[in-house]
Amino acid sequence: MSTKLVIGLDGQSSGERALEFGAKLAEQIGSCELLVVYVIEWSPYSFQTAEENAQRHKRREEEISTARERVVDPAVAQLEAAGLTVTGMVRHGDVADTLNSVAKKEGAAQIVVARSTDKSLSKRIFGSSTATLVMEATVPVTVVS
């Protein structure tokens, strides 16, 4: 049976660091499947008209396509070129909740993410997705600096 690792991407250099660490970890483990996940922040708790919902759905589909093309597919290609087994996913939702849900559903042993370099006041006051994930995940989380 293969070990599964979830790698959270953010489309930034921090995601690249998580990807690099996850690849090295997979090589050390041996029989390992990487689940590369990009989460588009999205809240279902918005009250809109039927027309706004239709536009929102179209926008969601466009966001998924763009994220897959620009972030996930290149990461998957890079890992496959290194001989690793990998699956790419794009999801909408809360980053921490979504990564944890994917890990639970897929039976992953660990989640790998990278610390953001964003030091804005709002991140310091309200926390970050990484901090929330570390506190709430049901599997171990490795945070790459």
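When hydrophobic clusters are built by joining Ile, Leu, Val, Met, Phe, Trp and Tyr residues whose side-chain heavy atoms come closer than 4.5 Å, directly or via intermediates, Val72 is grouped together with Val112. Leu35 and Leu79 are members of different hydrophobic clusters when ILVMFWY side chains are connected at heavy-atom separations under 4.5 Å. Residues Leu5 and Val90 are members of one and the same hydrophobic cluster, defined by side-chain heavy-atom contacts under 4.5 angstrom among Ile, Leu, Val, Met, Phe, Trp and Tyr. Under the 4.5 Å side-chain heavy-atom criterion for Ile, Leu, Val, Met, Phe, Trp and Tyr, Val76 and Val113 are members of distinct hydrophobic clusters. When hydrophobic clusters are built by joining Ile, Leu, Val, Met, Phe, Trp and Tyr residues whose side-chain heavy atoms come closer than 4.5 Å, directly or via intermediates, Ile111 is not grouped with Tyr38.
Open room surrounds CZ on Arg70; 12 or fewer heavy atoms of other groups in view lie less than 6.0 Å from it.
One finds the OG atom of Ser13 at 12.5 Å from the CG atom of Leu19 (value rounded to the nearest 0.5 Å). Note that CD of Glu27 and NZ of Lys24 are 9.0 Å apart. Values are rounded to the nearest 0.5 Å. The CD atom of Glu41 lies 8.0 Å from the OG1 atom of Thr98; values are rounded to the nearest 0.5 Å.
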### Task
May I have the step-by-step check of side-chain contact (heavy atoms from CB on, under 4.5 Å) for Val102 and Met89, ending in yes or no?
CA-CA 9 Å; Val102 168; Met89 302 176 191; 3.9 Å; yes
### Query
Between Val139 and Val6, does a side-chain contact (heavy atoms from CB on, under 4.5 Å) hold up when you go through it step by step?
CA-CA 10 Å; Val139 298; Val6 171; over 6 Å; no
### Task
Start with the C-alpha gap between Ser101 and Arg91, add the side-chain angles, then the distance that decides, and say whether side-chain contact (heavy atoms from CB on, under 4.5 Å) holds.
CA-CA 11 Å; Ser101 292; Arg91 300 286 187 266; over 6 Å; no
### Query
Do Leu99 and Val37 pass the side-chain contact (heavy atoms from CB on, under 4.5 Å) test, and can you show the C-alpha distance, the side-chain angles, and the key distance before you say yes or no?
CA-CA 7 Å; Leu99 290 175; Val37 184; 3.8 Å; yes
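Scanning all heavy atoms of the two residues, the minimum distance from Gln110 to Leu25 falls at OE1-CD2, 3.6 Å. Contact detail for Thr87 and Glu33: the closest heavy-atom pair is OG1-OE2, 3.2 Å. Here the closest non-hydrogen pair linking Leu34 and Ala23 is CD1-CA, 4.3 Å. Heavy atoms only, all atoms of each residue included: Ala114 and Ala18 are closest at N-CB, 3.8 Å.
For residues 79-106, the set of pairs meeting the ring-ring contact (aromatic ring centres under 6.0 Å, His included) definition, not counting sequence neighbours, comprises Trp42-His92.
Side-chain contact check for Leu133 versus Val95: every heavy-atom pair is 4.5 Å or farther apart. No side-chain heavy atom of Val144 sits under 4.5 Å from any side-chain heavy atom of Glu20. Using a 4.5 Å heavy-atom threshold, the side chains of Gln78 and Pro74 count as separate.
Side chain of Arg115 to backbone of Val143: no donor-acceptor contact under 3.5 angstrom is found. Side-chain N or O atoms of Asn100 include one that pairs as donor or acceptor with a backbone N or O of Thr138 at under 3.5 Å. With hydrogens and angles ignored, the 3.5 Å screen pairs a side-chain donor or acceptor of Asp10 with a backbone N or O of Gly15.
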